[in-house]
Amino acid sequence: MTEIEIGRGKRGRRAYSFDDIAVVPSRRTRDPKEVSIAWQIDAYRFELPFLAAPMDSVVSPQQAIAIGRLGGLGVLNLEGLWTRYEDPQPLLDEIASITDEAAATRRLQEVYAAPIRAELIKQRIQEVRDSGVVTAAALSPQRTAEFSKAVVDAGVDVFVIRGTTVSAEHVSSAAEPLNLKQFIYELDVPVIVGGCATYTAALHLMRTGAAGVLVGFGGGAAHTTRNVLGIQVPMATAVADVAAARRDYMDESGGRYVHVIADGGVGYSGDIPKAVACGADAVMIGAALARATDAPGKGFHWGMEAVHEELPRGKRVNLGTVGTTEEILTGPSHTPDGTMNLFGALRRAMATTGYTELKEFQRVEVTVNPALNHR
């Protein structure tokens with residue numbers, strides 16, 4: 001790809017966000033009823049190709065169960081309020097009631113200072129597991145070695161290692177680094193790991209044996225990573241780069257397929273077909289689900305980046321509510337702005353462009369138009 005000269009001493013690639021691209025209709029159309037948007041990772045099949053982001057404003061144990069029954073995969077945040085407090089609901093209500101944003105950040109830092117309890121990790125996973133849905137839970141790379149045994153002993157089906165940016169080779173003099181390859185090799189459950197946003201970083205993560213790779217950092221609705229650290233990679237380019245790494249890793253490994261999951265920049269229904277068109281197999285959704293009337297955050301949304309004790313890189317945002325979780329995922333929609341019936345929209349986008357399977361839809365033509373009005 002041609003680089004652009006930023007100045008005499010620096011060049012950079014032009015990169016594109018989902019807002020910069022659009023899917024192109026073809027000569028053939030389909031009936032939406034003939035379209036399958038089912039997704040399978042390892043032994044687990046889902047009717048909807050998405051994971052609910054492991055954020056306290058989005059996924060409680062009850063929401064994970066509800067999302068599983070609707071055909072998706074809810075991922076529990078094992079470093080959140082549900083593993084620090086027996087009953088975090090009063091705290092969730094309090095966080096939603098604070099009117100001053102600076103006060104909200106300070107209060108988030110305070111309530112998340114309570115220790116994580118291994119017995120609550122087991123209890124929350126068991127709650128979801130007892131319902132019969134696929135159980136997924138997430139830890140950051142920094143906490144994985146400490147709590148992974150409790151997670152596996154509780155019977156998690158899918159293990160997610162998620163951070164702002166995750167590398168296969170984390171260098172630290174303060175603690176023994178997590179050896180991802182060894183860790184994944186020793187587990188009996190599929191592991192999804194990320195985020196990453198470049199070809200090289202993704203290829204290294206794929207070589208660890210991960211079943212899936214999360215693509216993206218700094219682009220979520222509640223992130224301020226770009227403002228605080230100056231780090232962000234536009235998602236359309238990031239997903240396409242990681243999909244290229246997946247293709248090359250398949251050749252290198254003799255056909256082993258690693259799922260590419262877009263994690264960030266997927267706030268509206270139209271972003272999902274764009275993510276798949278760039279090579280994603282599924283998406284991770286946070287903000288869109290935080291808008292549900294039955295979401296734990298009651299229309300407010302925040303991530304673990306917002307609670308960092310030294311350098312918060314996120315904030316609590318008020319997204320408001322638009323409908324139930326079911327209406328947001330599968331409709332019916334009562335809004336024209338892409339905030340509801342996310343997967344009905346994906347199905348219709350595929351039908352409009354003549355595709356009946358997700359893997360085929362990755363080949364759809366796209367156009368680039370950076371002059372499009374950004375949201």
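Index from 1, following the sequence. FYI, side chains are in, hydrogens and waters are out, and symmetry mates aren't considered; it's all heavy atoms of this structure.
- Ser26 contributes a side-chain N or O that, together with a main-chain N or O of Arg28, makes up a donor-acceptor pair within less than 3.5 Å.
- Following chains of ILVMFWY side-chain contacts shorter than 4.5 Å, one can reach Val239 starting from Tyr199, so the two form part of one hydrophobic cluster.
- Contact check for Glu252 versus Met206: no side-chain heavy atoms found under the 4.5 Å cut-off.
- Counting heavy atoms from C-beta on, the side chains of Leu342 and Leu346 never come closer than 4.5 Å.
- Judged by distance alone, the side chain of Arg117 and the main-chain N or O of Thr83 form no donor-acceptor pair under 3.5 Å.
- Looking only at side-chain heavy atoms (C-beta outward), His204 and Thr208 stay at 4.5 Å or farther from each other.
- Taken from CG in Asn77 to OG in Ser60, the straight-line distance is 12.0 Å, to the nearest 0.5 Å.
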Please assess Leu48 against Phe46 for the test side chain to side chain contact (heavy atoms under 4.5 Å, CB included), listing each intermediate value before the final yes or no. CA-CA 5 Å; Leu48 305 179; Phe46 303 95; 5.7 Å; no
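- The same ILVMFWY cluster, assembled from side-chain heavy atoms under 4.5 Å apart, contains both Val111 and Trp82.
- Put simply, CG on Leu139 and CG on Leu76 are 10.5 Å apart, with the number rounded to the nearest 0.5 Å.
- A donor-acceptor pair under 3.5 Å links the side-chain atoms of Gln362 to the main chain of Gly279, judged by distance alone.
- Side chain of Asp263 to main chain of Gly216: no donor-acceptor pair is present (N/O by atom type, distance under 3.5 Å, no hydrogens or angles).
- Put simply, the side chain of Gln40 gets close to the backbone of Asp42: a donor and an acceptor are under 3.5 Å apart.
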Applying side chain to side chain contact (heavy atoms under 4.5 Å, CB included) to Ile184 and Phe159, what does each step give before you reach the verdict? CA-CA 10 Å; Ile184 291 172; Phe159 197 165; over 6 Å; no
What's the verdict on side chain to side chain contact (heavy atoms under 4.5 Å, CB included) for Val23 and Phe361, showing C-alpha distance, side-chain angles and the deciding distance? CA-CA 10 Å; Val23 173; Phe361 188 56; 4.2 Å; yes
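- Remark: Lys359 NZ is packed, more than 12 non-hydrogen atoms of other residues, nucleotides or ligands lying under 6.0 Å away.
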Worked check of side chain to side chain donor-acceptor pair (under 3.5 Å) between Glu186 and Gln182: CA-CA 6 Å; Glu186 292 173 353; Gln182 180 181 342; 3.1 Å; yes
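- Between Arg107 and Glu110 a salt bridge is recorded (basic side-chain N to carboxylate O distance below 4.0 Å).
- Open room surrounds CD on Glu326; 12 or fewer heavy atoms of other groups in view lie less than 6.0 Å from it.
- Between Arg363 and Glu365 no salt bridge is recorded (no basic side-chain N to carboxylate O distance below 4.0 Å).
- The structure places CG of Asp19 at 11.0 Å from CG of Asn369, a figure rounded to the nearest 0.5 Å.
- Shortest non-hydrogen contact noted between Ala64 and Val128 is CB-CG2, 4.1 Å.
- With Asp157 contributing its side chain and Thr135 its backbone, the two residues share a donor-acceptor pair below 3.5 Å.
- Under 3.5 Å, the side chains of Thr339 and Asp337 contain a donor-acceptor pair of N or O atoms.
- In this structure, CE in Met284 is found 10.0 Å from CE in Met55, a value given to the nearest 0.5 Å.
- Partner of Pro49 under the side-chain contact (heavy atoms from CB on, under 4.5 Å) criterion, out of Ile261, Leu358, Ile41: Leu358 alone.
- Separating the CE atom in Met350 from the CD1 atom in Ile37 is a distance of 7.5 Å, to the nearest 0.5 Å.
- No continuous path of ILVMFWY side-chain contacts below 4.5 Å connects Ile65 to Leu120, so the two sit in separate hydrophobic clusters.
- Summarising the geometry, atom CG belonging to Leu73 is positioned 6.5 Å from atom CH2 belonging to Trp39; distances are rounded to the nearest 0.5 Å.
- Classification of Glu3 and Arg13 as a salt-bridged pair fails, no side-chain N sitting under 4.0 Å from a carboxylate O.
- Checking side-chain atoms of Arg124 against main-chain N and O of Pro61 turns up no donor-acceptor pair under 3.5 Å.
- Taking each heavy atom of Arg14 and Ile4 in turn, the nearest pair found is CB-CD1, 3.6 Å.
- Residues Val189 and Leu78 share a single hydrophobic cluster, defined by chaining ILVMFWY side chains whose heavy atoms lie under 4.5 Å apart.
- Side-chain contact between Leu180 and Ile161: present, with at least one pair of heavy atoms (C-beta onward) separated by less than 4.5 Å.
- Closest non-hydrogen pair, Gly344 versus Asn341, comes out as N-OD1, 3.0 Å.
- With Arg84 contributing its side chain and Glu79 its backbone, the two residues share a donor-acceptor pair below 3.5 Å.
- Of all the heavy atoms in Thr335 and Ser333, the pair that sits closest is O-OG, 2.9 Å.
- The two residues Asp56 and Leu81 come nearest to each other via the heavy atoms OD2-N, 2.7 Å.
- With hydrogens and angles left out, the side-chain atoms of Thr325 and Gln63 include a donor and acceptor closer than 3.5 Å.
- Tyr44 and Leu51 fall within a single hydrophobic cluster, where Ile, Leu, Val, Met, Phe, Trp and Tyr side chains are chained together by heavy-atom contacts under 4.5 Å.
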Checking side chain to side chain donor-acceptor pair (under 3.5 Å) for the pair Gln142/Ser140: CA distance, chi angles, key distance, verdict? CA-CA 5 Å; Gln142 295 84 354; Ser140 67; 3.3 Å; yes
Hey, mind stepping through Tyr112 and Tyr85 against ring-ring contact (aromatic ring centres under 6.0 Å, His included) and telling me if it holds? CA-CA 10 Å; Tyr112 280 89; Tyr85 299 92; 8.3 Å; no
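- Residues Val160 and Val75 form a side-chain contact, since some pair of their non-hydrogen atoms from C-beta on lies under 4.5 Å apart.
- Salt bridge status for Glu101 with Arg316: present, with a side-chain N to carboxylate O gap under 4.0 Å.
- Between Arg246 and Asp281 there is a salt bridge, since at least one side-chain N of the basic residue sits less than 4.0 Å from a carboxylate O of the acidic one.
- A cation-pi arrangement is present between Arg291 and Tyr268 under the rule of less than 6.0 angstrom and at most 45 degrees off the ring axis.
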I'd like to know whether Val364 forms a side chain to side chain contact (heavy atoms under 4.5 Å, CB included) with Val24, so could you lay out the CA-CA distance, the side-chain angles of the two residues, the decisive distance to 0.1 Å, and finally the verdict. CA-CA 7 Å; Val364 71; Val24 178; 5.8 Å; no
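- Within the 4.5 Å cutoff, side-chain heavy atoms of Tyr249 are placed close to those of Arg207.
- You'll find the side chain of Phe183 stays beyond 4.5 Å of the side chain of Val193, heavy atoms only.
- Closest approach of Val58 to Ala52, counting heavy atoms only: CG1-CB, 4.3 Å.
- Side-chain contact between Val213 and Cys196: present, with at least one pair of heavy atoms (C-beta onward) separated by less than 4.5 Å.
- Looking at Lys274, its side chain does come within 3.5 Å of a backbone N or O of Ile21 through a donor-acceptor pair.
- Between His259 and Tyr257, the ring planes lie perpendicular to each other; the angle is over 60°, past the 30° to 60° tilted range.
- Between the side chain of Arg347 and the backbone N or O of Val35 there is at least one donor-acceptor pair closer than 3.5 Å.
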